[in-house]
Amino acid sequence: MIIINNSSSAAASSAAFIGGAGLRRRRQSLWAHFWLFMLTAGIGNVFYGMHVSRWNRDRGL
C-alpha cells in the first residue's frame, strides 16, 4: 500500500481559490511592452515591469 501525504500542497492550492477565481501569477504582456516602447521610448517598459513584479511579489506569487 502506498500513501502519499499531500496535505500541505492541497492546503496551499485550496487557499489560493478562497477569493473566488484564485490567484494567478500576472504575466507581462508582449503587446504592452511593444506599445510602451513605441510611445515612451522604453521608459514606460521599466515602470510596467516594476508594476507587474510588485503585484506578484505582494501576493507571494
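Throughout, residue positions are numbered sequentially from 1 according to the sequence presented.
Here the side chain of Tyr48 pairs a donor or acceptor atom with the backbone of Ser29 at under 3.5 angstrom.
In terms of heavy atoms, Gln28 sits closest to Ser53 at NE2-OG, 4.2 Å.
Rounding to the nearest 0.5 Å places CZ of Arg54 at 11.0 Å from CZ of Arg59. Summarising the geometry, atom CZ belonging to Phe47 is positioned 9.5 Å from atom OG1 belonging to Thr40; distances are rounded to the nearest 0.5 Å.
In this view, Arg25 and Arg27, Asn56, Leu61 satisfy the side chain to side chain contact (heavy atoms under 4.5 Å, CB included) rule, not counting sequence neighbours.
Here Trp31 sits in one hydrophobic cluster together with Phe34, Trp35, Phe37, Met38; the rule is ILVMFWY side chains under 4.5 Å apart, joined directly or through other members.
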